[in-house]
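Below: the structure, in structure tokens.
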Amino acid sequence: MNLHEYQGKSILKGYGVAIQEGIVADTPEEAFEGAKKLTEETGTEWYVIKAQIHAGGRGKGQTKETGSNGVVLAKGIDKVKDIAAGILGGTLVTKQTGSDGKLVNKVLIAQDVYYPGESEPAEFYMGVLLNRATGRNMIMYSTEGGMDIETVAEETPHLIHKEEIDPKVGLQGFQARKIAFNLGLSGQAFKEMTKFVFALYAAYDGADSEMFEINPVLKTSDNKIIAVDAKVAIDDNSLFRHKEIAAMRDTSEEDPVEVEASEAGLSFVNLDGNVGCMVNGAGLAMATMDIIKLSGGEPANFLDVGGTADAERVEKAFRMILSDDSVKAILVNIFGGIVRCDRVAQGVVDAYKNIGNIPVPIIVRLQGTNAEEAKKLIDESGLEVHSAVLLQEAADKVKEVLA
């Protein structure tokens with residue numbers, strides 16, 4: 001589950017991470033009042049107005065309606081309302097949103113932290129995530145803060161450092177100090193960075209996160225270390241332990257079909273292909289997507305109906321797949337282990353009749369318990385459904401209907 005910047009910062013602050021303070025607003029009027037309150041609390045007189053969407057590159061992105069950037073500096077409280085009005089309600093297009101963009105429903109009014117002082121501010125990149133190759137958490141960091149980390153990795157990979165954490169002992173003091181040293185810090189800034197690293201890792205671990213990305217981490221002109229941004233993804237499987245984080249979910253930022261699927265207990269991800277998939281089991285779903293590609297098609301979705309593929313779930317799955325106009329065929333690939341194939345076949349027949357006219361061919365491959373009975377049910381249904389037993393046979397039928 002992805003979080004907005006202001007939500008990620010609230011988690012960070014709860015673990016003792018120093019952050020760029022801010023107040024979220026839904027309207028230009030709330031933005032103005034938030035700026036006033038922020039001045040009272042922090043003394044800031046300039047304000048950073050940030051669009052809150054689940055995408056990066058907001059500062060370089062623009063709204064379709066007004067051409068406003070997604071991150072704008074207001075040099076005075078009198079400018080806050082107009083700037084917020086130019087962002088709120090707009091469709092912000094960035095490198096990560098695609099041409100459709102994302103609707104901005106909230107803005108964050110943040111304090112200005114680039115104030116003059118005894119030294120020059122410096123920006124760093126820092127992210128905490130799982131290194132799947134080693135099975136260990138990893139802190140990835142760079143002196144090139146404020147830039148796309150992908151660009152840094154491609155053009156100057158030697159400027160990216162990685163520190164892996166042994167799960168038996170956790171983050172060690174020497175590792176935090178090594179990070180601060182590699183970032184070129186000394187004195188008070190060095191001490192502040194080591195504290196920052198410990199607090200950031202505690203937030204990542206304590207919130208059961210998939211990723212915490214802070215870009216930039218700022219060394220201020222008076223040698224404080226603060227999180228200016230926060231891109232956070234939480235492990236969905238851990239949300240039962242974090243009710244307060246689960247309540248932060250913003251379904252308006254998600255694909256409506258994927259939201260509907262999650263509410264129905266289905267695992268669904270939209271893709272860009274032309275063959276819809278309905279499968280039970282993630283591994284079989286991946287194999288099915290491979291078969292579709294080998295047969296000349298492209299998978300239009302990942303859909304795992306789970307171990308209880310009854311008529312109701314099958315019907316819901318069909319409706320989700322058919323909501324995509326680019327789907328030209330549907331492949332149902334079910335292994336009957338826990339669930340009997342004949343029950344799935346009956347579910348397919350019932351769902352077909354309930355939905356009515358299904359404008360695309362359906363290939364059903366059922367293997368496992370009562371597979372022969374299931375094939376007979378499909379073949380004798382009188383419906384435009386093609387049955388298959390072998391995976392290759394299903395692939396050939398996909399190729400045939402797409403020709």
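Predicted model only: the values in this text are computed from it and were never measured.
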Q) Could R58 and E5 be called an ion pair, given the rule that one side-chain N must be under 4.0 Å from one carboxylate O? A) yes
Q. Can you name the one residue among I179, I160, L159, V197 that meets side-chain contact (heavy atoms from CB on, under 4.5 Å) with Y141?
A. I179
Q. Do you see a donor-acceptor pair shorter than 3.5 Å between the side chains of K50 and Q20?
A. yes
Q.
If the condition is side chain to side chain donor-acceptor pair (under 3.5 Å), which residues does K13 pass it with, not counting sequence neighbours?
A. E21
**Q.** Sub-4.5 Å side-chain heavy-atom contact between I363 and I330
**A.** no
Q: Compute whether any side-chain donor of one residue and acceptor of the other, for N2 and E253, lie under 3.5 angstrom apart.
A: no
Q: Check for a donor-acceptor pair, side chain of Q175 on one end and backbone N or O of Q172 on the other, with a separation under 3.5 Å.
A: yes
Q: For N137, check side chain to side chain donor-acceptor pair (under 3.5 Å) against everything at least two apart and list the hits.
A: Y201, Y204
Q: Please lay out, stage by stage, how Y6 and K106 fare under the test side chain to side chain contact (heavy atoms under 4.5 Å, CB included).
A: CA-CA 10 Å; Y6 75 93; K106 297 178 184 293; 3.6 Å; yes
(Q) For the residue pair T44 / D112, report whether a side-chain donor-acceptor contact shorter than 3.5 Å exists. (A) no
Q | Atom pair CG/CG of D255 and N270 - distance to nearest 0.5 Å | A | 4.5 Å
Q.
Going by the rule ring pair (Phe, Tyr, Trp, His ring centres under 6.0 Å), which residues pair with F212 if we only count those two or more places apart in sequence or in a different chain?
A. none
Q: Taking all non-hydrogen atoms of both residues into account, name the closest pair between T288 and N333 and its distance.
A: OG1-ND2, 2.9 Å
Q.
I'd like to know if the side chain of Q188 pairs up with that of K224 as donor and acceptor (distance under 3.5 Å, no hydrogens or angles considered).
A. no
Q) So N105 and S252, side chain to side chain contact (heavy atoms under 4.5 Å, CB included) or not? Walk me through it. A) CA-CA 9 Å; N105 295 310; S252 68; 3.8 Å; yes
Q. Do other residues, nucleotides or ligands put more than 12 heavy atoms under 6.0 Å from the CD atom of E29?
A. yes
Q.
Quick test of your reading: applying ring pair (Phe, Tyr, Trp, His ring centres under 6.0 Å), list the pairs with at least one residue in residues 237-281, sequence neighbours left out, ordered by first then second residue.
A. none
Q.
Among I226, L183, I225, exactly one meets side-chain contact (heavy atoms from CB on, under 4.5 Å) together with K219. Which residue is that?
A. I225
Q | Any V364 side-chain heavy atom under 4.5 Å of L366 side chain | A | yes
**Q.** side-chain hydrogen bond (donor to acceptor under 3.5 Å, both in side chains) between Q62 and S68, intermediate numbers included
**A.** CA-CA 5 Å; Q62 289 186 323; S68 172; over 6 Å; no
Q) Any chance the side chains of N131 and R136 put a donor and an acceptor closer than 3.5 Å? A) no
(Q) Show the nearest heavy-atom pair for residues I234 and S209, with the distance to one decimal. (A) CD1-OG, 3.6 Å
Q | Heavy-atom side-chain proximity of M278 to F318 below 4.5 angstrom | A | yes
Q) Got a salt bridge between K178 and E163, using NZ or NE/NH1/NH2 to carboxylate O under 4.0 Å? A) yes
Q. If we ignore angles and hydrogens, is there a donor and acceptor under 3.5 Å between the side chains of Y125 and E213?
A. yes
Q: Please check if any side-chain donor atom of D250 sits under 3.5 Å from a side-chain acceptor atom of H54, or the reverse.
A: no
Q. Which pair of heavy atoms, one from F196 and one from A227, lies closest together, and at what distance?
A. CE1-N, 3.8 Å
Q: Report yes if some heavy atom in the side chain of D396 is under 4.5 Å from a heavy atom in the side chain of E400; otherwise report no.
A: no
Q: Report the distance from atom CD of Q111 to atom CD of E45, rounding to the nearest 0.5 Å.
A: 13.0 Å
Q: Can you measure from CG (L130) to CD1 (I165) and round to the nearest 0.5 angstrom?
A: 10.5 Å
Q: Take E40 and K36, measure what salt bridge (charged side-chain N to carboxylate O under 4.0 Å, His left out) needs, and give me the verdict at the end.
A: CA-CA 6 Å; E40 294 172 2; K36 285 170 57 178; over 6 Å; no
Q: Decide, yes or no, whether a salt bridge links K37 with E33 under the criterion of side-chain N to carboxylate O below 4.0 Å.
A: no
(Q) Looking at every heavy atom in both I83 and L73, which two are closest together, and how far apart are they? (A) CD1-O, 4.0 Å
Run the side-chain donor-acceptor check on residues 289-302: report pairs under 3.5 Å with partners two or more places apart or on a different chain.
| unit_1 | atom_1 | unit_2 | atom_2 | d |
| --- | --- | --- | --- | --- |
| K293 | NZ | E298 | OE1 | 2.9 |
| K293 | NZ | E298 | OE2 | 3.0 |
| S295 | OG | I291 | O | 3.2 |
| S295 | OG | I292 | O | 2.7 |
| N301 | OD1 | C277 | N | 3.1 |
| N301 | ND2 | C277 | O | 2.8 |

Q: For E120 and S221, test the side chains for any donor-to-acceptor distance below 3.5 angstrom and give the result as yes or no.
A: no
Q: Ignoring hydrogens and angles, state whether a donor on the side chain of Q346 or D342 is under 3.5 Å from an acceptor on the partner side chain.
A: no
**Q.** Whether over 12 other heavy atoms sit under 6.0 Å from M286 CE
**A.** no
Q: Indicate the atoms forming the closest heavy-atom contact of G101 with V93, along with that distance.
A: CA-CG2, 3.9 Å
Q.
When you compare the side chain of N223 with that of E192, does any pair of heavy atoms fall below 4.5 Å?
A. no
Q: Using modelled atom types only, decide if a donor and an acceptor are shared between the side chain of K64 and the backbone of S99 within a distance under 3.5 Å.
A: yes
(Q) I'd like to check L88 versus P28 (side-chain heavy atoms, cut-off strictly below 4.5 Å). Are they in contact? (A) yes
Q: Verify whether one side chain among D229 and N215 offers a donor that lies under 3.5 Å from an acceptor in the other.
A: no
Q.
Quick check on F181: does its CZ atom have over 12 non-hydrogen neighbours (other residues, nucleotides or ligands) under 6.0 Å away?
A. no
Q. Are the side chains of M211 and V232 in touch, meaning some heavy atoms are under 4.5 Å apart?
A. no
Q. Measuring from D379:CG to L377:CG, what's the distance to the nearest 0.5 Å?
A. 9.5 Å
**Q.** D272 CG: over 12 foreign heavy atoms closer than 6.0 Å
**A.** no
Q) For the atom pair OH (Y352) and CD1 (I378), what is the distance rounded to the nearest 0.5 Å? A) 11.0 Å
Show me the side-chain donor-acceptor pairs of residues 149-156 shorter than 3.5 Å, one per line, residues at least two apart or across chains.
| unit_1 | atom_1 | unit_2 | atom_2 | d |
| --- | --- | --- | --- | --- |
| T156 | OG1 | V152 | O | 3.3 |

Q. Between H386 and I362, is a side chain to side chain contact (heavy atoms under 4.5 Å, CB included) present by the stated rule, with each step listed?
A. CA-CA 6 Å; H386 308 273; I362 299 174; over 6 Å; no
Q: Working to the nearest 0.5 Å, report the span between CG of N280 and CG of D304.
A: 7.0 Å
Q. Within a strict 4.5 Å, meaning less than it, do heavy atoms of the K9 and V17 side chains meet?
A. no
Q) Between P216 and G146, what is the shortest heavy-atom contact and its length? A) CB-N, 4.0 Å
